[in-house]
Amino acid sequence: MTDLNSTWTGMVPVDDTALAVTDIGGPGRPVVYLNGQFATQSYWRRVIAELGGEYRHITYDMRARGRSRRSAAAASFEAHVRDVDAVLKARGVDRPLLVGWSYGAPVALHWAGRNPDRVLGVVSVDGAYPHGWTDTVTPERIRGLFRRWGWLFPMLRPLHLCAKMSVEAHAQSNIELVEVCAALGPVLDGVTCPVRYVVATGANLGGSREEMEQMRALPQARPDRRTLPRQLRLPPLRIGRPAAAGPDPDAGRRRSAAGRDRGHTRRRP
(Lines give C-alpha, C1' and ligand atoms only; values in the text may rest on other atoms or scores of the structure.)
Protein backbone atom coordinates (compact mmCIF):
# COMPACT_ATOMS: atom_id res chain seq x y z
CA MET A 1 0.00 0.00 0.00
CA THR A 2 1.33 3.45 -0.96
CA ASP A 3 2.09 5.73 1.99
CA LEU A 4 0.99 9.22 0.96
CA ASN A 5 2.29 10.90 4.10
CA SER A 6 6.01 10.74 3.37
CA THR A 7 8.49 10.98 0.51
CA TRP A 8 9.29 7.67 -1.18
CA THR A 9 12.45 7.05 -3.18
CA GLY A 10 13.16 3.69 -4.73
CA MET A 11 13.50 1.53 -7.83
CA VAL A 12 10.56 0.44 -9.98
CA PRO A 13 11.28 -2.75 -11.99
CA VAL A 14 10.13 -2.78 -15.61
CA ASP A 15 11.21 -5.13 -18.41
CA ASP A 16 15.01 -5.50 -18.27
CA THR A 17 15.64 -2.42 -16.13
CA ALA A 18 14.58 -0.54 -13.00
CA LEU A 19 13.63 3.12 -12.83
CA ALA A 20 14.76 5.44 -10.05
CA VAL A 21 11.58 7.14 -8.80
CA THR A 22 10.89 9.87 -6.25
CA ASP A 23 7.36 10.50 -4.94
CA ILE A 24 6.98 13.29 -2.39
CA GLY A 25 3.56 11.99 -1.36
CA GLY A 26 0.84 14.14 0.07
CA PRO A 27 -2.85 14.60 -0.73
CA GLY A 28 -2.41 17.09 -3.61
CA ARG A 29 -3.01 16.48 -7.28
CA PRO A 30 -0.37 14.14 -8.71
CA VAL A 31 2.03 15.78 -11.16
CA VAL A 32 4.38 13.43 -13.03
CA TYR A 33 7.45 15.00 -14.60
CA LEU A 34 9.02 13.58 -17.77
CA ASN A 35 12.62 14.60 -18.39
CA GLY A 36 14.57 15.93 -21.32
CA GLN A 37 16.18 13.28 -23.47
CA PHE A 38 19.34 12.64 -21.46
CA ALA A 39 18.48 14.68 -18.38
CA THR A 40 17.67 13.38 -14.90
CA GLN A 41 14.90 14.03 -12.40
CA SER A 42 17.13 16.46 -10.52
CA TYR A 43 16.44 19.07 -13.22
CA TRP A 44 12.94 19.54 -11.78
CA ARG A 45 14.02 20.53 -8.26
CA ARG A 46 13.61 24.28 -8.72
CA VAL A 47 10.25 23.86 -10.45
CA ILE A 48 8.97 21.64 -7.65
CA ALA A 49 10.26 24.04 -5.00
CA GLU A 50 8.46 26.92 -6.68
CA LEU A 51 5.18 25.03 -7.02
CA GLY A 52 5.30 23.98 -3.39
CA GLY A 53 3.36 21.37 -1.45
CA GLU A 54 0.01 21.88 -3.11
CA TYR A 55 0.82 19.06 -5.53
CA ARG A 56 2.06 15.51 -5.22
CA HIS A 57 5.27 15.67 -7.28
CA ILE A 58 6.57 12.47 -8.87
CA THR A 59 9.85 12.39 -10.79
CA TYR A 60 11.94 9.57 -12.22
CA ASP A 61 15.01 8.86 -14.30
CA MET A 62 14.23 7.29 -17.66
CA ARG A 63 15.85 4.02 -18.70
CA ALA A 64 19.64 4.17 -18.60
CA ARG A 65 19.57 7.76 -17.34
CA GLY A 66 20.55 9.05 -13.92
CA ARG A 67 20.24 6.32 -11.28
CA SER A 68 18.07 4.06 -13.43
CA ARG A 69 19.61 0.87 -14.75
CA ARG A 70 20.77 0.05 -18.24
CA SER A 71 18.29 -1.31 -20.76
CA ALA A 72 18.45 -2.80 -24.23
CA ALA A 73 15.52 -0.52 -25.11
CA ALA A 74 17.00 2.68 -23.64
CA ALA A 75 16.86 4.42 -27.05
CA SER A 76 13.25 3.38 -27.75
CA PHE A 77 10.58 6.09 -27.64
CA GLU A 78 7.85 3.46 -27.26
CA ALA A 79 9.62 1.98 -24.24
CA HIS A 80 9.61 5.38 -22.54
CA VAL A 81 5.90 5.79 -23.23
CA ARG A 82 5.22 2.38 -21.65
CA ASP A 83 7.32 3.27 -18.63
CA VAL A 84 4.83 5.98 -17.65
CA ASP A 85 2.37 3.16 -16.95
CA ALA A 86 4.92 1.33 -14.80
CA VAL A 87 5.58 4.39 -12.64
CA LEU A 88 1.88 5.21 -12.20
CA LYS A 89 1.05 1.63 -11.26
CA ALA A 90 3.94 1.35 -8.82
CA ARG A 91 2.92 4.54 -7.02
CA GLY A 92 -0.84 4.00 -7.18
CA VAL A 93 -1.44 7.18 -9.18
CA ASP A 94 -4.66 7.84 -11.07
CA ARG A 95 -5.28 10.67 -13.55
CA PRO A 96 -2.07 12.68 -13.15
CA LEU A 97 -1.11 15.95 -14.74
CA LEU A 98 1.87 15.19 -17.01
CA VAL A 99 4.62 17.78 -17.36
CA GLY A 100 7.11 16.95 -20.09
CA TRP A 101 10.24 18.89 -20.98
CA SER A 102 11.74 18.53 -24.47
CA TYR A 103 11.85 14.75 -25.15
CA GLY A 104 9.44 14.18 -22.27
CA ALA A 105 6.76 16.36 -23.91
CA PRO A 106 5.97 14.03 -26.85
CA VAL A 107 6.18 11.09 -24.44
CA ALA A 108 3.47 12.79 -22.36
CA LEU A 109 1.30 13.54 -25.39
CA HIS A 110 1.51 10.01 -26.76
CA TRP A 111 0.60 8.56 -23.38
CA ALA A 112 -2.28 11.02 -22.95
CA GLY A 113 -3.62 10.23 -26.40
CA ARG A 114 -3.67 6.53 -25.65
CA ASN A 115 -5.15 6.94 -22.17
CA PRO A 116 -7.76 9.72 -22.43
CA ASP A 117 -9.62 8.66 -19.30
CA ARG A 118 -6.48 8.43 -17.17
CA VAL A 119 -4.94 11.88 -17.56
CA LEU A 120 -5.96 15.34 -16.35
CA GLY A 121 -3.82 17.39 -18.71
CA VAL A 122 -0.41 17.87 -20.31
CA VAL A 123 2.05 20.74 -19.93
CA SER A 124 4.64 20.77 -22.71
CA VAL A 125 7.81 22.63 -21.72
CA ASP A 126 9.62 23.58 -24.94
CA GLY A 127 8.83 20.32 -26.66
CA ALA A 128 6.22 18.32 -28.60
CA TYR A 129 6.21 20.72 -31.53
CA PRO A 130 4.74 19.03 -34.62
CA HIS A 131 7.84 19.79 -36.69
CA GLY A 132 10.41 17.14 -37.45
CA TRP A 133 13.13 18.98 -39.35
CA THR A 134 13.32 15.88 -41.53
CA ASP A 135 14.78 17.86 -44.43
CA THR A 136 17.59 19.52 -42.49
CA VAL A 137 18.20 17.40 -39.38
CA THR A 138 19.08 14.24 -41.23
CA PRO A 139 20.29 10.98 -39.68
CA GLU A 140 23.75 11.76 -41.06
CA ARG A 141 23.81 15.15 -39.33
CA ILE A 142 22.71 13.64 -36.03
CA ARG A 143 25.23 10.78 -36.18
CA GLY A 144 27.99 13.23 -37.06
CA LEU A 145 27.15 15.40 -34.05
CA PHE A 146 27.28 12.50 -31.62
CA ARG A 147 30.47 11.09 -33.10
CA ARG A 148 32.15 14.44 -32.54
CA TRP A 149 31.04 14.41 -28.89
CA GLY A 150 31.53 10.70 -28.31
CA TRP A 151 35.00 10.94 -26.82
CA LEU A 152 33.51 12.91 -23.91
CA PHE A 153 30.93 10.29 -22.95
CA PRO A 154 33.13 8.35 -20.49
CA MET A 155 33.61 11.59 -18.54
CA LEU A 156 30.01 12.77 -18.86
CA ARG A 157 28.37 9.49 -17.86
CA PRO A 158 29.39 9.51 -14.16
CA LEU A 159 27.98 13.03 -13.96
CA HIS A 160 24.65 11.88 -15.41
CA LEU A 161 25.09 14.17 -18.41
CA CYS A 162 24.51 11.43 -20.94
CA ALA A 163 22.82 8.04 -20.93
CA LYS A 164 24.26 4.62 -20.16
CA MET A 165 24.28 3.58 -23.80
CA SER A 166 26.54 3.79 -26.83
CA VAL A 167 27.18 6.84 -28.97
CA GLU A 168 25.26 5.18 -31.79
CA ALA A 169 22.28 4.53 -29.48
CA HIS A 170 22.28 8.21 -28.45
CA ALA A 171 22.17 9.17 -32.11
CA GLN A 172 19.44 6.66 -32.90
CA SER A 173 17.32 8.04 -30.06
CA ASN A 174 17.51 11.49 -31.64
CA ILE A 175 16.84 10.19 -35.13
CA GLU A 176 13.67 8.54 -33.85
CA LEU A 177 12.68 11.71 -31.99
CA VAL A 178 12.82 13.74 -35.23
CA GLU A 179 10.49 11.20 -36.82
CA VAL A 180 8.15 11.23 -33.81
CA CYS A 181 7.88 15.02 -33.87
CA ALA A 182 7.25 15.07 -37.62
CA ALA A 183 4.23 12.80 -37.04
CA LEU A 184 2.84 14.64 -33.99
CA GLY A 185 0.00 16.44 -35.78
CA PRO A 186 -2.51 13.57 -35.68
CA VAL A 187 -1.45 12.75 -32.11
CA LEU A 188 -2.21 16.31 -30.99
CA ASP A 189 -5.54 16.28 -32.81
CA GLY A 190 -6.48 13.07 -31.01
CA VAL A 191 -5.62 14.26 -27.49
CA THR A 192 -8.81 15.21 -25.68
CA CYS A 193 -7.34 16.52 -22.41
CA PRO A 194 -6.16 20.14 -22.03
CA VAL A 195 -2.65 20.79 -23.38
CA ARG A 196 -0.65 23.91 -22.54
CA TYR A 197 2.65 24.90 -24.14
CA VAL A 198 5.42 26.72 -22.27
CA VAL A 199 7.77 28.10 -24.92
CA ALA A 200 11.45 28.97 -24.51
CA THR A 201 13.76 31.05 -26.71
CA GLY A 202 17.19 30.81 -28.29
CA ALA A 203 19.28 28.09 -29.89
CA ASN A 204 20.41 24.73 -28.56
CA LEU A 205 23.12 22.23 -29.40
CA GLY A 206 21.08 20.64 -32.16
CA GLY A 207 19.45 23.64 -33.81
CA SER A 208 20.13 27.26 -34.66
CA ARG A 209 18.10 30.11 -33.20
CA GLU A 210 16.25 30.46 -36.52
CA GLU A 211 15.39 26.75 -36.65
CA MET A 212 14.21 26.69 -33.04
CA GLU A 213 12.07 29.82 -33.38
CA GLN A 214 10.42 28.43 -36.51
CA MET A 215 9.56 25.27 -34.61
CA ARG A 216 8.34 27.11 -31.51
CA ALA A 217 5.91 29.21 -33.56
CA LEU A 218 3.84 26.13 -34.44
CA PRO A 219 1.67 26.00 -31.26
CA GLN A 220 0.21 29.35 -32.35
CA ALA A 221 -1.03 27.97 -35.65
CA ARG A 222 -4.47 26.91 -34.37
CA PRO A 223 -4.86 28.16 -30.79
CA ASP A 224 -8.38 28.02 -29.41
CA ARG A 225 -7.24 30.34 -26.59
CA ARG A 226 -8.62 28.19 -23.79
CA THR A 227 -6.39 27.38 -20.83
CA LEU A 228 -6.42 24.57 -18.33
CA PRO A 229 -9.48 24.37 -16.07
CA ARG A 230 -9.11 26.42 -12.91
CA GLN A 231 -8.49 23.38 -10.73
CA LEU A 232 -5.53 22.38 -12.91
CA ARG A 233 -3.81 25.72 -13.43
CA LEU A 234 -0.26 25.79 -12.17
CA PRO A 235 1.16 28.93 -10.56
CA PRO A 236 3.13 31.14 -12.98
CA LEU A 237 6.59 29.71 -13.61
CA ARG A 238 9.80 31.53 -14.44
CA ILE A 239 11.53 29.22 -16.89
CA GLY A 240 15.29 29.44 -16.44
CA ARG A 241 18.14 28.04 -18.47
CA PRO A 242 18.38 24.26 -18.08
CA ALA A 243 21.97 23.09 -18.23
CA ALA A 244 22.83 21.03 -21.29
CA ALA A 245 22.43 17.33 -20.52
CA GLY A 246 25.43 16.24 -22.55
CA PRO A 247 25.55 16.31 -26.36
CA ASP A 248 21.80 16.39 -26.84
CA PRO A 249 20.37 18.17 -29.90
CA ASP A 250 17.03 18.19 -28.08
CA ALA A 251 18.32 20.01 -25.00
CA GLY A 252 20.77 22.74 -24.18
CA ARG A 253 20.81 26.40 -23.31
CA ARG A 254 17.46 28.12 -23.35
CA ARG A 255 17.02 31.71 -22.32
CA SER A 256 14.38 32.69 -19.82
CA ALA A 257 10.85 32.38 -21.08
CA ALA A 258 9.47 34.62 -18.34
CA GLY A 259 6.92 36.82 -19.98
CA ARG A 260 7.02 34.66 -23.09
CA ASP A 261 4.91 31.77 -21.91
CA ARG A 262 2.57 31.91 -24.86
CA GLY A 263 0.07 29.90 -22.88
CA HIS A 264 -1.79 28.47 -25.84
CA THR A 265 -3.89 25.40 -25.22
CA ARG A 266 -4.16 22.81 -27.93
CA ARG A 267 -7.45 20.99 -27.91
CA ARG A 268 -9.23 18.75 -30.34
CA PRO A 269 -10.35 21.03 -33.25
Side-chain angles (χ1 to χ4, degrees), residues 34-40 43 62-66 70-81 100-110 124-157 159-188 197 199-221 241-255 257:
L34 306 177
N35 309 332
Q37 193 165 16
F38 306 123
T40 68
Y43 282 54
M62 296 190 298
R63 295 175 182 231
R65 280 80 161 168
R70 295 176 184 269
S71 169
S76 167
F77 181 83
E78 282 297 320
H80 295 302
V81 175
W101 166 43
S102 193
Y103 187 92
V107 170
L109 280 174
H110 270 262
S124 171
V125 182
D126 207 36
Y129 304 115
H131 180 73
W133 290 351
T134 50
D135 293 334
T136 57
V137 183
T138 63
E140 292 74 21
R141 175 178 167 181
I142 294 172
R143 290 192 179 99
L145 174 65
F146 278 92
R147 286 167 184 161
R148 287 195 298 274
W149 282 87
W151 65 275
L152 281 172
F153 278 34
M155 292 174 280
L156 295 174
R157 195 167 288 118
L159 301 174
H160 302 312
L161 296 177
C162 66
K164 305 182 188 83
M165 55 188 187
S166 68
V167 171
E168 180 59 32
H170 279 80
Q172 186 56 45
S173 177
N174 275 272
I175 291 168
E176 184 183 26
L177 178 61
V178 170
E179 297 169 350
V180 166
C181 289
L184 265 181
V187 177
L188 277 165
Y197 280 85
V199 183
T201 61
N204 67 25
L205 292 176
S208 67
R209 179 185 180 89
E210 181 180 358
E211 287 174 323
M212 296 303 297
E213 290 305 311
Q214 179 183 11
M215 181 177 67
R216 290 165 178 148
L218 288 170
Q220 301 182 85
R241 295 176 177 159
D248 176 6
D250 188 46
R253 296 180 357 182
R254 292 173 171 88
R255 293 190 307 211

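Treat the numbers as computed from the prediction; the structure is a model and nothing was measured.
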Chemist: Could you tell me whether the side chain of H160 reaches within less than 4.5 Å of the side chain of R65, counting heavy atoms only?
Modeler: no

Chemist: I'd like to know whether M165 forms a side-chain contact (heavy atoms from CB on, under 4.5 Å) with R70, so could you lay out the CA-CA distance, the side-chain angles of the two residues, the decisive distance to 0.1 Å, and finally the verdict.
Modeler: CA-CA 7 Å; M165 55 188 187; R70 295 176 184 269; 5.9 Å; no

Chemist: Just by modelled atom types, is the V187 backbone N or O under 3.5 Å from a matching donor or acceptor in the H110 side chain?
Modeler: no

Chemist: For E78, which residues count as a salt bridge (charged side-chain N to carboxylate O under 4.0 Å, His left out) partner, sequence neighbours excluded?
Modeler: R114

Chemist: Hey, could you give me the CG/OG distance between L34 and S102, rounded to the nearest 0.5 Å?
Modeler: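 Taking CG in L34 and OG in S102, the distance rounds to 11.5 Å.
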
Chemist: Please give me the minimum heavy-atom distance between A105 and G127, naming the atom from each residue.
Modeler: CB-C, 3.6 Å

Chemist: Could you tell me which non-hydrogen atom of M62 sits nearest to which non-hydrogen atom of G36, and how far apart they are?
Modeler: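 It is CE-O, 3.5 Å.
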
Chemist: If every non-hydrogen atom of R157 is compared with every non-hydrogen atom of A163, which pair is closest and at what distance?
Modeler: NE-O, 3.0 Å

Chemist: Please enumerate all residues that pass side-chain contact (heavy atoms from CB on, under 4.5 Å) together with R147, with sequence neighbours excluded.
Modeler: R143, E168

Chemist: Rounded at 0.5 Å granularity, tell me how far OH in Y129 sits from CG in L188.
Modeler: 12.0 Å

Chemist: Any idea which heavy atoms bring R63 and A73 closest together, and the distance?
Modeler: NH1-CB, 3.7 Å

Chemist: For a 4.5 angstrom cut-off between non-hydrogen side-chain atoms, does Q172 reach I142?
Modeler: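 The answer is no, as the side chains (C-beta and beyond) never meet within the 4.5 Å cut-off.
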
Chemist: To the closest 0.5 Å, what do you measure between CD1 (I175) and CD (E140)?
Modeler: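 Reported value, rounded in 0.5 Å steps: 7.5 Å.
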
Chemist: Not counting sequence neighbours, which residues clear side-chain contact (heavy atoms from CB on, under 4.5 Å) with A64? List them please.
Modeler: A74, K164

Chemist: Working note: F153 + V167, criterion side-chain contact (heavy atoms from CB on, under 4.5 Å); need CA distance, chi angles, decisive distance, verdict.
Modeler: CA-CA 8 Å; F153 278 34; V167 171; 3.9 Å; yes

Chemist: If you look at every heavy atom in T40 and N35, which pair is closest and at what distance?
Modeler: C-ND2, 3.5 Å

Chemist: Test side-chain contact (heavy atoms from CB on, under 4.5 Å) on F146 and N174; report intermediate values, then the result.
Modeler: CA-CA 10 Å; F146 278 92; N174 275 272; 3.1 Å; yes

Chemist: Contact between P106 and F77 at the side-chain level, heavy atoms closer than 4.5 Å - yes or no?
Modeler: yes

Chemist: For A39 versus W101, what's the shortest heavy-atom pair and its separation?
Modeler: CB-CZ3, 3.6 Å

Chemist: Check whether any side-chain heavy atom of F38 lies under 4.5 Å from a side-chain heavy atom of Y103, and answer yes or no.
Modeler: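 Of all side-chain heavy-atom pairs linking Y103 with F38, none is under 4.5 Å.
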
